[in-house]
Amino acid sequence: MSSPYTLTLPDGSQKTVPAGTTPLEVARSIGQRLADDAVVARVNGALWDLTRPLEGDATLEILTSKNPEALEVYRHSTAHLLAAAVLELYPETKLAIGPPIKDGFYYDFDRPVPFTPEDLEKIEARMREIRDRDLAYERRLVNKDEGLRMYAHEAMKCELIEERADAVFTEYTLGPQFADFCRGPHVPSTKRIKAFKLLSIAGAYWRGDEKRQQLQRIYGTAWFSQKDQDDYLHKLEEAKKRDHRVVGKALDLISIQELAGPGLIFFHPKGALVRKLLEDWMREQYLKRGYDLVNTPHVMREQLWDRSGHLSHYADNMYAAMELDDARYRLKPMNCPGHILIYADRQRSYRDLPVRLGELGTVYRYERSGTLHGLFRVRGFTQDDAHIFCRPDQIEDEIVNCLEFAVDVLKTYGFHRYKAEISVWDGGASGKYDGTPDQWDLAQNALHRAVERVGLEATVMADEAAFYGPKIDVKLLDALDRPWQLSTVQFDFTLPRRFNLEYVGEDGGKHQPLMVHRALYGSVERFFGILLEHYAGAFPLWLAPVQAMVLPIADRHTDYARQVQAKLAAAGLRADIDARSEKVNYKIREAQLQKIPFMLVVGDREAADGKVAVRTRKGGDLGARPVDEVVAEIAAAALARSSDE
RNA sequence: GCCGGCGUAGCUCAGUAGGUAGAGCAUCUCACUUGUAAUGAGAGGGUCGUCCGUUCAAUUCGGAUCGCCGGCUCCA
């Protein structure tokens, strides 16, 4: 029992230590710096408190602030600090859970009186006070029955203990008052916690279930150093500045009108122009890639939605029926039934397949008011929606084509980091999925093989498929490393059956085609918003609503400026002229704020020599050059659709 | 939908312990004719989101409602 332990360290070396040694002591024996920098240990693969004695031979790794898992532990400990501060200030508060999350942590509380922003300051101050007391995070073993009695006043904790705890569970204390049912591990003591800040208060449902009580969640951020935290807060500020709602307003691209209703987007002239470019590009691609463009009505009889199953599965998200003289009509929430009707309008031969029907289809969905968000979550939006009907032997190629198309979209718009998620079923165990095991196998295999063929990095999400079929989603990281979901390719085993879709096979018999939904921008509105944030409003040349602004220095240069503008227009460029009687500095500032790619300054010298002084929004003053040369160059750059400038 | 916060000029925001409001920018007018990120002066502009209530009096207090923001839930 008291025989020494043999520890295996990450470099493969071995170390013998007395029984009951803690990881922290081991770290110290290696070096004081390591001990100072240590946050948590990994013992036999599991995270372990630095101060928890080892229990036998083990592999041991000391995790320092360089390790992402250590940061999670650190944030979890900060969450405990928050809870301890809240209980000191507001002892009647009940605890729910307080996990680390990306960039920080939160803790959920139940308290009759809501927290206010002023409370947040008080709590944060108290956290610092407790931190300075340097209390230890002490791990204690508690017998389950005894624990339930100890936590009797904490109903939510009891619920968790009942559900998660073994016969003996662990709790972590912080000083004499605070104890929390918790798996741990934690940093050794509160003085380890350096930089943190409480950020916001929000409502959250107990266990994420909206039928249960609503708790108050306090969000915070925590970092190993003040600098890391400052960088993070700075990044938040930057993100705020490129918020598409702010930029969209500043550049006069879009608006949402209260009189018209929430979640409904108005595209102003410049926004509409950019949108047209996005749509034109997409339609061009459809035709190039063998899709047929179709258009389907915006309102259709309710029977159609009954047949498609939307009425029974999706009615909550649909606008209410309109009574017309002969029937009830519904605004379309999806384009698929319309495309299906076109497919089914005539008999299809196996030779006709694949049939690819595409539409920029505007759909309306009733989204709950609290979920609306700028262009990202709206009630009316346009999907670049296509449905592919094909034979089983074609499906893999079709998926490959969809994925290549999706990657092309990403590259065209300047997104270089992305990955795929394949959502599969649970194997049929739950019975919640439609379709036969054969269908699921066929479809999921096709998805996996297609991902491999395209060379996409993909993760498999078990039991995340839609009930009607597996899918693959493409997610991207934008200029600020924020993830967005973009393209989606989804199998549908349900609709072909509901609409009795058929084709006549080689054998003369009738067969059911496979059907795939796919949208690459997803929603044009949302994609527009993502682009706005990605580029911070500075659209690349080919998308910029105004590509060049001609700036006459004085009124006498206006005529020459118009000639320059005419040349730009003749080259197919969108050029404006700022002929106001203002100083050049003023005009430049405005053009710059409008993120116009090229400013062409013309004064006496340029007018005399047939030149323009070129200024780019990024590069500043580039000097004077012949007009024709400059126009040709800009036109060529626009045509190249470079995503960077 | 739920929890919390917010709603004052086109924009960003100040203000009134209840006595019908103010700045900067923008707009308009005039002067300046300008050389790479804001020329100066003057003028116009708000039923203080909407409705109801309390009050001699409400932008201010109370209630309702609409919208927005941060989350939760849900999702393209």
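Letters A, B, ... are given to chains in the order of the sequence lines, protein chains preceding strands, and every chain is numbered from 1.
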When you measure from the side chain of [X], which nucleotide among [options] comes out closest?
| X | options | result |
| --- | --- | --- |
| A/Arg368 | B/U33, B/A37, B/G1 | B/G1 |
| A/Ala554 | B/A37, B/U34, B/A76 | B/U34 |
| A/Glu258 | B/G67, B/G35, B/A37 | B/G67 |
| A/Pro262 | B/A38, B/C68, B/U36 | B/C68 |
| A/Gln383 | B/A76, B/U34, B/C72 | B/A76 |
| A/Thr371 | B/A76, B/U33, B/U73 | B/U73 |

With a non-hydrogen cut-off below 4.0 angstrom, is [X] in contact with a base, only sugar-phosphate, or nothing?
| X | answer |
| --- | --- |
| A/Gly603 | base |
| A/Lys249 | sugar-phosphate |
| A/His557 | nothing |

Query raised in the report: Where do A/Glu279 and A/Lys276 land on the salt bridge (Lys or Arg N to Asp or Glu O under 4.0 Å) test, with the steps shown first?
Result: CA-CA 5 Å; A/Glu279 294 184 345; A/Lys276 176 198 179 295; over 6 Å; no

Query raised in the report: Stacking here means centres under 5.5 Å and planes under 30°; does A/Phe381 stack on B/A76?
Result: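 Answer is yes, a stack.
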
Query raised in the report: Are A/Tyr107 and A/Phe105 close enough, and set up right, to give a ring-ring contact (aromatic ring centres under 6.0 Å, His included), and what steps lead you there?
Result: CA-CA 7 Å; A/Tyr107 211 109; A/Phe105 60 90; 9.0 Å; no

**Report entry** Residue that, paired with A/Tyr106, satisfies side chain to side chain contact (heavy atoms under 4.5 Å, CB included) out of A/Leu199, A/Ile97, A/Leu82
**Finding:**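 The option that passes is A/Ile97.
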
Report task. Hey, can you tell me if A/Phe405 and A/Trp281 have their rings parallel, tilted or perpendicular (30° and 60° cut-offs)? Result ->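 If you compare the ring of A/Phe405 with that of A/Trp281, the planes turn out tilted.
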
Report task. Return the 5'-most residue of the pair A/Phe115, A/Asp555 with respect to RNA chain B, ranking by each residue's nearest nucleotide. Result ->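 Looking at the nearest nucleotide for each, A/Phe115 comes out on the 5' side.
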
Query raised in the report: When the nearest nucleotide of RNA chain B is assigned to A/Ala204 and to A/Ser369 on a heavy-atom basis, which residue is associated with the more 5' position?
Result: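 Result of the comparison: A/Ser369.
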
Requested in this report: Please confirm whether any donor atom in the side chain of A/Glu367 sits under 3.5 Å from an acceptor in the base of B/A76, or the reverse.
Outcome: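 For A/Glu367, whose side chain was compared with the base of B/A76, there is a donor-acceptor pair (under 3.5 Å).
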
